[in-house]
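Order of listing sets the numbers, starting from 1, for every ligand and every atom in it. Residue numbers count from 1 along this sequence. All figures in this text were calculated on a predicted structure; none of them were measured in a lab.
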Amino acid sequence: MVLGDGDALIVVDLQNDFLPGGSLEVPGSREIVDLVNRYIALFDSKGLPVYATRDWHPKGHASFKDQGGPWPEHCVQGEKGAQFSIELKLPESCVIISTASELDRDAYSGFEGTDLNERLRKEGVGRLFICGLATDYCVFHTVKDAGINGYETFLLEDAVRAVNVQPDDGEKAIKEMTRLGAVSISISDLS
Ligand code: VGL
Ligand code: ZN
């Protein structure tokens, strides 16, 4: 397929805490960084917009174990774990969307409580290409909401990885995303 006007890339949560050495390491996450950089370069070289979401929790967030939540402390605003990987080559023009910043509730979708949808509409985006972490949480909910908001949605299946609290969570999430209408593609489909 050929990329053109109206297409945009969303890179979901490629932050230190989800990578090796981070507090909530996603298995295989390191493997996708180079590929994500290739997707970024591809979109940027065609002048197409790139968005990067980041999990951006206040200290003492409701999703943390010490607050009764399911996750170890991660992606605390302003801390090293919340920073994008230094290996991630985001373009100058990249728009950063911060999510899950409310103290008392979690949010996994890049659309939830953000201006992502308004920005995409203003830019005339119709098709979204989504990669990043994690397949079974923030990627899943972002892809789902992209469909609900009327975007033609492509899951970049070679550039996502899952937490897999249960071993097949990632596979199930991919099946569900495609059932909901997302089209699963890989880098060879675009270049
Ligand atoms: C995520 C678990 C907790 C994600 C964020 O980015 O998928 N997963 N917070
Ligand atoms: Zn989180």
Before giving the answer on side chain to side chain contact (heavy atoms under 4.5 Å, CB included), spell out for S93 and D44 the whole-Å C-alpha distance, their side-chain angles and the decisive distance to 0.1 Å.
-> CA-CA 9 Å; S93 60; D44 196 43; 4.2 Å; yes
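- Smallest separation of non-hydrogen atoms from P72 and S23: CG-O, 3.4 Å.
- Any N or O atom pair closer than 3.5 Å counts here, and F18 shares no such pair with ligand 1.
- Between the Zn ion (ligand 2) and the N, O or S atoms of D55, the shortest distance is to OD2.
- One distance of note links CG of D17 with OG of S85; it measures 12.0 Å at 0.5 Å rounding.
- For L133, every heavy-atom contact with ligand 1 shorter than 4.0 Å involves the backbone, none the side chain.
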Run the ring pair (Phe, Tyr, Trp, His ring centres under 6.0 Å) check on H141 and F111 step by step: do they pass?
-> CA-CA 9 Å; H141 287 278; F111 289 92; over 10 Å; no
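- The aromatic rings of F129 and F154 sit parallel to each other, their planes meeting at less than 30°, with 60° as the upper class boundary.
- Remark: ligand 1 and D55 share an N or O pair separated by less than 3.5 Å (distance only, no angle test).
- With hydrogens and angles left out, the side-chain atoms of Y39 and D158 include a donor and acceptor closer than 3.5 Å.
- Looking at F140, W71, W56 and measuring to atom 2 (C) of ligand 1, the nearest heavy atom belongs to W71.
- Ligand 1 has no N or O atom lying under 3.5 Å from any N or O atom of D106, backbone or side chain.
- Nearest protein heavy-atom contact of atom 6 (O) of ligand 1 is D13 OD2, 2.6 Å.
- The N/O atoms of V163, backbone and side chain alike, include none that comes under 3.5 Å of an N/O atom in ligand 1.
- At the top of the distance list for atom 4 (C) of ligand 1, counting protein heavy atoms only, stands C138 SG, 3.0 Å.
- Across L24, V160, I32, D55, a single residue satisfies side-chain contact (heavy atoms from CB on, under 4.5 Å) together with L133, and that is I32.
- Here's the thing with H74: one of its N/O atoms is less than 3.5 angstrom from an N/O atom of ligand 1.
- For the Zn ion (ligand 2), the N/O/S atoms of H74 include one lying under 2.8 Å.
- Ion pairing of E176 with R179 is present here, as a side-chain N (NZ or NE/NH1/NH2) and a carboxylate O approach within less than 4.0 Å.
- Using a cut-off of 2.8 Å, one finds that C75 contributes no N/O/S atom close to the Zn ion (ligand 2).
- The aromatic rings of W71 and H74 lie perpendicular to each other, with more than 60° between the two planes, well past the 30° mark.
- Closest protein heavy atom to atom 8 (N) of ligand 1: Y137 CB, 3.7 Å.
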